[in-house]
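Below is one structure, written out as structure tokens; the observations come after it.
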Amino acid sequence: MKLLEERIKKDGTVRDGNVLKVDNFLNHQMDMELFQEMGKEWKKLFADKPINKILTIEASGIAIAAIAAQYFDVPVVFAKKAQSINIAGEVYQTKIESFTHKRTYDVIVSKKFIGPEDHILIIDDFLANGCALLGLIDIVEQAGATIEGIGIAIEKGFQQGGKIIRDKGYDLQSLAIIDSMNENKVVFREQ
Ligand code: 5GP
């Protein structure tokens, strides 16, 4: 998606450890017009899928998922990062290793909000090593729901997540895929 690529070039900064900072428009200050265009794009890409719910993970997935949901006309469920789990039985739970924070979170979703009848679109801001997505996929599988597709804003194509997820057969649509990046230059994959 050209608009997102141009914005990354203009406002993104590359930090040590292969971290792209997009605080200016995506995950601190948030550009709602850009989010709307991203939502429209995912709606086009998944137009033929019978999606009835969007699943994301807190915190930075929530806003993009919420805006996207307006184009799908479906509710959003977000997985919560839980400190301690003492409500076993009422929630699906999984573990996710955070790329940016280098720690492991227990993540939960209430069984009230996803079940076998659901057709899910998973949305998140970044795809790096794939841990966040694999955790969300695990939760959907525990629920017996169907994954209709996965929408990512920025995929770091030089990390392994995209290959892992596509090799599993999921319809993964990333709006911008970065093939390489350093302080001076970000190179995008032709799509
Ligand atoms: P993964 O689990 O695929 O390794 O990483 C995905 C998660 O890590 C995303 O939900 C995102 O919050 C965070 N993340 C991964 N790489 C980056 C990055 O380069 N910049 C930012 N801002 N977040 C990242």
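Counting starts at 1 for both ligands and their atoms, in listed order. Position 1 is the first residue of the sequence; numbering continues from there.
At a 4.0 Å cut-off, not a single heavy atom of I57 sits close enough to ligand 1 to count as contact. For the pair V22 and ligand 1, no heavy-atom separation below 4.0 Å is found. Heavy atoms of G161 come nearer than 4.0 angstrom to ligand 1 in no pair at all.
The shortest heavy-atom contact between L136 and T56 is CD2-O, 3.9 Å. Closest of all the heavy-atom pairs between F126 and L26 is CE1-CD2, 4.3 Å.
Residues I122 and Y170 have side chains not in contact (no heavy-atom distance under 4.5 Å, counting atoms from C-beta outward). No side-chain heavy atom of M181 sits under 4.5 Å from any side-chain heavy atom of V187. Annotation: side chain of K111 is not in contact with side chain of E90 (no heavy-atom distance under 4.5 Å). Annotation: side chain of Q173 is not in contact with side chain of L175 (no heavy-atom distance under 4.5 Å).
Across V76, I120, L121, V140, a single residue satisfies side-chain contact (heavy atoms from CB on, under 4.5 Å) together with K53, and that is I120.
In this structure, atom 10 (O) of ligand 1 lies nearest to the protein heavy atom D124 OD2, 3.0 Å. Of the protein's non-hydrogen atoms, the one nearest atom 8 (O) of ligand 1 is F99 CB, 4.0 Å. For atom 4 (O) of ligand 1, the nearest non-hydrogen atom of the protein is N129 N, 2.8 Å. At the shortest separation from atom 6 (C) of ligand 1 among protein heavy atoms lies F126 O, 3.6 Å. Atom 16 (N) of ligand 1 has as its closest protein heavy atom K156 NZ, 3.0 Å. Nearest to atom 13 (C) of ligand 1 among the protein's heavy atoms is T100 OG1, 3.8 Å.
Taking any N or O of A132, backbone or side chain, at least one lies under 3.5 Å from an N or O belonging to ligand 1. For ligand 1, the polar-atom distance check against L127 finds no nitrogen or oxygen pair separated by under 3.5 Å. Between K21 and ligand 1, not a single N/O pair is under 3.5 Å apart. Here's the thing with A128: one of its N/O atoms is less than 3.5 angstrom from an N/O atom of ligand 1.
Contact annotation for L133 and ligand 1: no heavy atom of the residue comes within less than 4.0 Å of the ligand.
Residue C131 approaches ligand 1 through these ligand atoms, each under 4.0 Å from one of its heavy atoms: 1 (P), 2 (O), 3 (O). In summary, the atoms of ligand 1 found under 4.0 Å from a heavy atom of N18, numbered by their order in the structure, are 19 (O). Those atoms of ligand 1 that come under 4.0 Å of a heavy atom in N27, given as number and element, are 22 (N).
Between D106 and K81 there is no salt bridge, since no side-chain N of the basic residue sits under 4.0 Å from a carboxylate O of the acidic one.
Nearest-residue assignment for atom 22 (N) of ligand 1 (options D125, T56, L20; heavy-atom criterion): L20.
There is no side-chain donor-acceptor pair under 3.5 Å between D31 and Q29.
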Please report, to 0.1 Å, the donor-acceptor pairs under 3.5 Å made by any side chain of residues 148-161, with sequence neighbours excluded.
residue: E148; atom: OE2; partner: H119; partner atom: ND1; Å: 2.6
residue: E155; atom: OE1; partner: R166; partner atom: NH1; Å: 3.4
residue: E155; atom: OE1; partner: R166; partner atom: NH2; Å: 2.9
residue: E155; atom: OE1; partner: S174; partner atom: OG; Å: 2.6
residue: E155; atom: OE2; partner: R166; partner atom: NH1; Å: 3.0
residue: K156; atom: NZ; partner: N18; partner atom: O; Å: 2.7
residue: K156; atom: NZ; partner: Q159; partner atom: OE1; Å: 3.1
residue: Q159; atom: NE2; partner: N129; partner atom: OD1; Å: 3.1

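Summarising the geometry, atom CG belonging to L34 is positioned 10.0 Å from atom CG belonging to D11; distances are rounded to the nearest 0.5 Å.
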